[in-house]
There are 2 protein chains.
Amino acid sequence: MTVPTGRRERKKAATRQKIADAALGLFLERGYDAVGIREVAAEADVAVTTLFSHFASKEALVFEQDEDFEQRLTCAVTGRAPNEPLIPALRGEVQALVRHCTADSAAPVWRMIEASPALRKYEESMRLRHAETLAAAITADPALSPTPTAGRTIARFVIDAYSLAREAADPDAAVDEIFQMIEAAWQATGPSRPA
Amino acid sequence: MTVPTGRRERKKAATRQKIADAALGLFLERGYDAVGIREVAAEADVAVTTLFSHFASKEALVFEQDEDFEQRLTCAVTGRAPNEPLIPALRGEVQALVRHCTADSAAPVWRMIEASPALRKYEESMRLRHAETLAAAITADPALSPTPTAGRTIARFVIDAYSLAREAADPDAAVDEIFQMIEAAWQATGPSRPA
DNA sequence: ACCGTAACACTACCCGTTAGTGTTTCGGAA
DNA sequence: TTCCGAAACACTAACGGGTAGTGTTACGGT
């Protein structure tokens, strides 16, 4: 039961990558909705069932590496220095994530996402999941001890900030503006909160 | 080209209602996912294509009358008295909507919705649509003139309030708590705003 | 009395996704 | 070294949501 680092793992990862690459290539070239699963499987030279053993759905082919997202936000909460205030920490993390998504290199992918209702829906549910995870992290922090409702609310607001800023004309300015509102909302939940 | 109030209209509405009734009956009886479109069509004694000419999707069969939602929220913004502040008006409307959804009579339907991923996803997109409509109404109000980002943000927060309060243990208290946070966020966008 | 149109039906199909059933290939224990 | 279990992979067949294309009725307005 040692760490499994054999050839099989590498082969599996390679297959997964091959599928993801084939999918992204076809999607960007001809549009997400115009490419069928069977085509992607054929391009990657695997069976359809194999494709679905690596990815839970067609949409998941596009959001391949967005597991980080959840972790980065919760780490911004749980991994901050003692007495470091919550909101600025989240602000920094959201700022970084927004910049990452609005970089020129990511533009074609996001254009594709916004062009497909199915992908938009999928991303919406992802956001909600992230909000719930974040809410759990905030509620569990003994240095904050908000009411459950307040914790969940702040988590939603933070995810909203990410979503809105990404679409804004000036993402950086939008992050600033929205986080001023979030800061005020947070202060309203407990006036004697550490700044 | 007078107002069309003929027999055809009545027949169409009757067919639509018959489909919706058959669908809700089957869904509540056996579960949303366990009932196929073809069964609903058979129960309503119409063809599948007819069903889809009345409803855009299977999910739309459940959210039949939620066109009001959008209108009620925007009316709470556009139809308020001169100098009446924005946030309390929205608070009242959200309060009413939450009470409507958490009423005992609506419980089985909402239990069904929360039991089906497909329905939850659908409702999420509906909420986003509502947020965008509400944002447009807020941004267009000359008495408020917020920045576009602030308007969109407040709209999201209000929809979040509805969503979170509906799921909270004490919905009324949750509405109060969240709207205090929203009020603070709104004040932060323009300190000299009329209370 | 007639024409245009909208509701409705039917067939056949596409697409995402899954179940069921093997077959290969590798890691680790005997 | 040998063999076993597990996991990756393949293939067929199907299911359920949804649509295109092609009529056919039935009604409202002229």
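Residue numbers begin at 1 in each chain, while the letters A, B, ... track the order of the sequences. Side chains included, hydrogens not; waters and symmetry mates left out as well; all remaining heavy atoms used.
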For A/S53, answer base if it contacts any base atom (sugar-phosphate contacts may also be present), sugar-phosphate if it contacts only those atoms, and nothing otherwise; contact means non-hydrogen atoms under 4.0 Å.
nothing
Return the value, rounded to whole Å, for the distance between atom CZ of B/F55 and atom P of C/dA7.
13 Å
Find the distance B/E59:CD to D/dG16:C1' and express it as a whole number of Å.
12 Å
What's the closest nucleotide to the side chain of A/A47 if the choices are C/dG16, D/dA26, D/dA10?
D/dA10
Can you tell me how far C1' of C/dT25 sits from CZ of A/R10, to the nearest Å?
14 Å
At under 4.0 Å between heavy atoms, what does A/V48 touch on the DNA or RNA strands: base, sugar-phosphate, or nothing?
base
Taking OP1 and OP2 of C/dT25, is either one under 4.0 Å from a side-chain nitrogen or oxygen of A/K11?
no
Can you check the B/I19 CD1 to C/dC8 P distance for me, whole Å?
7 Å
Residues passing the side chain to side chain donor-acceptor pair (under 3.5 Å) test with A/E93, sequence neighbours excluded, are A/R72
Considering only D/dT19, C/dA9, D/dA8, which nucleotide approaches the side chain of B/T50 most closely?
C/dA9
D/dA7 C1' sits how many Å from A/E9 CD, rounded?
9 Å
Name the orientation class of the two ring planes belonging to A/F69 and A/Y162 (parallel below 30°, tilted from 30 to 60°, perpendicular beyond 60°).
perpendicular
On a heavy-atom basis, the closest approach of B/W186 and B/I87 is CD1-CG1, 3.6 Å
Looking only at heavy atoms, the pair that brings B/F52 and B/K58 closest together is CE2-N, 4.2 Å
For C/dA6, does either OP1 or OP2 sit under 4.0 Å from a side-chain N or O belonging to B/K12?
no
Once you round it to whole Å, what is the distance between C1' of D/dA10 and CZ of A/F52?
15 Å
Roughly how many Å is it from NZ in B/K58 to C1' in C/dG16, rounded to a whole number?
14 Å
Between the protein and nucleotides 21-23 of chain D, which nitrogen or oxygen pairs are less than 3.5 angstrom apart?
none

Report the distance from atom CG of B/L51 to atom C1' of C/dC10, rounded to the nearest whole Å.
15 Å
salt_bridge(A/E124, A/R129) N-O dist < 4.0 Å:
no
Under 3.5 Å, which donor-acceptor pairs link side chains of residues 148-156 of chain A to any protein atom two or more places apart or in another chain?
from   : atom 1 : to     : atom 2 : distance (Å)
A/T153 : OG1    : A/T149 : O      : 2.6
A/R156 : NH1    : B/D160 : OD1    : 3.4
A/R156 : NH1    : B/S163 : OG     : 3.2
A/R156 : NH2    : B/S163 : OG     : 2.9

Please output the side-chain donor-acceptor pairs of residues 16-26 of chain B that fall under 3.5 Å, not counting sequence neighbours, one pair per line with the distance.
from  : atom 1 : to    : atom 2 : distance (Å)
B/R16 : NH1    : B/H54 : O      : 3.0
B/Q17 : NE2    : B/D21 : OD1    : 3.1

Residue pairs meeting side-chain hydrogen bond (donor to acceptor under 3.5 Å, both in side chains), one or both in residues 31-50 of chain A, sequence neighbours left out, come to A/R30-A/E39
Residue pair B/V48 / B/I37: nearest heavy atoms and the distance that separates them
CG1-CG2, 3.8 Å
Does B/H54 put a side-chain nitrogen or oxygen below 4.0 Å from OP1 or OP2 of C/dC8?
yes
What's A/T15 touching, base or sugar-phosphate or nothing? Going by heavy atoms closer than 4.0 Å.
sugar-phosphate
Heavy-atom nearest pair, B/A161 first then B/F179, reads CB-CE1, 3.8 Å
Looking at residues 20-41 of chain A, who's got a heavy atom less than 4.0 Å off DNA chain C?
A/V35, A/G36, A/I37, A/R38
